[in-house]
Amino acid sequence: MSVWFDSVAAAEPYAVRLRLAGRRIGVARQGPRDAFIRDEVIEGIVPDSGPVSVTTRVFDINEGQWNVDAAVVTSQNGAARSRPHTLRAPSAVPVHPAAWSWPRWKLKVAPAGPVKTRLAPLTGFDRMPAVIAGSWTALVALGVVIGFLFQGRLLPREHVDPGRVFLVSLMVVAAGSLGGKLWFIGLRRSLHGVWCDGMCIQGALVGAAVVMIAGLAVLHLPIGAVVDGTTPGLFLGIAVGRVGCFLTGCCAGRLSASRWALWSSDRRVGARRVPTQLLESLSALVIGLAGLAVILHTTTATSGALFVASFAAYTLCRQLLLPLRAEGRKTSRGTTVTAVVAAVVLSASVAVLMIGVR
């Protein structure tokens, strides 16, 4: 279920403890699985940033209809959570059942009523504010189709038969999925969440690039020409897929009260956030359109430089956006080193492109 409350004025970001108490309806004699009390702590709430929603799931309870009450219990200063004192939560902050208005892009109060249980595997499809279940899968699939369409139209300009590349492209899609999973596991050093939505686009690109180059080499196809002809569709497809991240609630940005922050969710806490997914989508869109312009309006003497430049540009954009994501990094050293290397590679590949244009 989802509930929401309004953020309040404060000197700095703060934390809220939300208590949900449920009792199963129509039970004469309550058992241990016929009632629950669940506390949800929401940290880092930005003062005066508007409504904040919380989506929670409770397992190991009996099937049926439940009355659930929610209330803010305490509010604690987010910058000093280790201090022994806590701030009392403002008593005037009401908590409402949450529903979402897509046309108005805002929270609304859901009709009051009991909550009905459902099978645990189906809870991933529950309605959540600003989240469309399955949108990531649908838009990533659409992005793959877009990539194939652009590849089919652009490869003939590189004097390559798209039919000969199609099988390699299918293998590239599979390798990208596997590479994204492995990169996610490497960053997290854990398998938690990997089967549901664990994926890293950087790993997907690396895995796809390795398999594509190897496959083209085996088939004796011109590697540089094929990867250049594939580049615009690849990044235009990524631009579409990243919108799916925004609508699914993965890779969410930090909570923010900025004017350019958008209300979105990480599938647990909904609030105004830095739209990192849409910013990354925009960067991929610009890179894809730039690559398309290069192929349509120029002829390069050095094949493969466009792919390298696009890959480096996207890597650099990602490193600049990573600090804006809600998911913190253990160290900023790796991000800095990657950004510097990407910038150097980008500069060198752009120089090669400019020299090779004729």
> So, does S281 use its side chain to make a donor-acceptor pair with the main chain of Q277 at under 3.5 Å?
Replying inline: no
> Does any N or O in the side chain of R157 come within less than 3.5 Å of the main-chain N or O of L296, such that one atom is a donor and the other an acceptor?
Replying inline: yes
> If every non-hydrogen atom of V226 is compared with every non-hydrogen atom of V160, which pair is closest and at what distance?
Replying inline: CG2-CG1, 3.9 Å
> Can you find a pair of side-chain heavy atoms, one from P129 and one from S2, that are under 4.5 Å apart?
Replying inline: yes
> Which distance, rounded to the nearest 0.5 Å, do you find between the CZ of R318 and the OG1 of T338?
Replying inline: 10.5 Å
>> Measuring only between side-chain heavy atoms, which start at C-beta, is L346 closer than 4.5 Å to L316?
In response: yes
> Which heavy atom in S169 sits nearest to a heavy atom in Q151, and how many Å separate them?
Replying inline: OG-OE1, 2.9 Å
>> Set out, in order, the CA-CA distance, both residues' side-chain angles and the distance that settles side chain to side chain contact (heavy atoms under 4.5 Å, CB included) for L18 and I42, then state yes or no.
In response: CA-CA 8 Å; L18 188 68; I42 307 96; 4.2 Å; yes
> Just checking, is any N or O donor in the side chain of T117 or E63 under 3.5 Å from an acceptor N or O on the other one?
Replying inline: no
> Side chains of S49 and S7: closer than 4.5 Å at any heavy-atom pair?
Replying inline: yes
> Taking the side chain from R254 and the backbone from T276, do they hold a donor-acceptor pair closer than 3.5 Å?
Replying inline: no
> If two hydrophobic side chains count as joined below 4.5 Å and joins carry through other members, does F235 share a cluster with I213?
Replying inline: yes
> Using the ring of each side chain (for Trp, its six-membered ring), is W102 parallel, tilted or perpendicular to W105, with breaks at 30° and 60°?
Replying inline: perpendicular
> Is there a donor-acceptor contact under 3.5 Å linking the side chains of S135 and T248?
Replying inline: yes
> Side chains of L221 and R164: closer than 4.5 Å at any heavy-atom pair?
Replying inline: yes
> Same hydrophobic cluster for L289 and V243, using side-chain heavy-atom links shorter than 4.5 Å among ILVMFWY?
Replying inline: yes
> Can you get from V340 to V337 by hopping between Ile, Leu, Val, Met, Phe, Trp and Tyr side chains that sit under 4.5 Å apart?
Replying inline: no
>> If you apply the rule side chain to side chain contact (heavy atoms under 4.5 Å, CB included), what do you find for L247 with V131, and how did you get there?
In response: CA-CA 5 Å; L247 294 176; V131 170; over 6 Å; no
>> Give me the atom names and distance for the closest heavy-atom approach of D6 to V93.
In response: O-CG1, 3.9 Å
> Do you see a donor-acceptor pair shorter than 3.5 Å between the side chains of E43 and Y14?
Replying inline: no
> D266 and A252: which non-hydrogen atoms are nearest, and at how many Å?
Replying inline: CB-CB, 3.8 Å
> Which heavy-atom pair separates P323 from L320 by the least distance, and what is that distance?
Replying inline: CD-O, 3.5 Å
>> Quick check on the 6.0 Å ring-centre criterion: do W100 and W263 meet it?
In response: yes
>> Pair N62, R33 - check side-chain hydrogen bond (donor to acceptor under 3.5 Å, both in side chains), show working.
In response: CA-CA 6 Å; N62 286 327; R33 289 162 55 94; 3.2 Å; yes
>> Can you tell me how far apart OG1 (T56) and CE (M128) are? Round to the nearest 0.5 Å.
In response: 11.5 Å
> Does D228 reach the main-chain N or O of S303 with its side chain, forming a donor-acceptor pair under 3.5 Å?
Replying inline: no
> Does R272 use its side chain to pair, donor to acceptor, with the backbone of P51 at less than 3.5 Å?
Replying inline: no
>> Are more than 12 heavy atoms, taken from residues, nucleotides or ligands other than R38, located less than 6.0 Å from that residue's CZ atom?
In response: yes
>> Please tell me whether L278 and I146 are part of a single hydrophobic cluster in this structure, the criterion being side-chain heavy atoms less than 4.5 Å apart.
In response: yes
>> Can you tell me how far apart CZ (R19) and CG (D39) are? Round to the nearest 0.5 Å.
In response: 4.0 Å
>> Distance check, rounded to the nearest 0.5 Å: E40 atom CD versus L20 atom CG?
In response: 7.0 Å
> Should P275 and W260 count as side-chain neighbours, where that means a heavy-atom distance under 4.5 Å?
Replying inline: yes
>> With heavy-atom distances below 4.5 Å as the criterion, would you say the side chains of V58 and W66 are in contact?
In response: no
> Heavy atoms, side chains only, cut-off 4.5 Å: are V68 and M1 in contact?
Replying inline: yes
> Can L324 and L321 be said to form a side chain to side chain contact (heavy atoms under 4.5 Å, CB included), step by step?
Replying inline: CA-CA 5 Å; L324 300 178; L321 290 174; 4.1 Å; yes
> Looking only at heavy atoms, which two atoms of I223 and A217 are closest? And how far apart?
Replying inline: CD1-CB, 4.2 Å
> When rounded to the nearest 0.5 angstrom, what is the spacing between OG in S264 and CZ in F246?
Replying inline: 4.5 Å
> So C317 and E280, side chain to side chain contact (heavy atoms under 4.5 Å, CB included) or not? Walk me through it.
Replying inline: CA-CA 7 Å; C317 290; E280 191 166 333; over 6 Å; no
> Side chain of D69, backbone of A21: donor and acceptor closer than 3.5 Å?
Replying inline: no
> Is there a path of hydrophobic side-chain contacts, each under 4.5 Å between heavy atoms of I, L, V, M, F, W or Y residues, that connects I132 with L142?
Replying inline: yes
> Can you find a pair of side-chain heavy atoms, one from L236 and one from F150, that are under 4.5 Å apart?
Replying inline: yes
> So how far is it from N67 CG to I25 CD1, rounded to the nearest 0.5 Å?
Replying inline: 3.5 Å
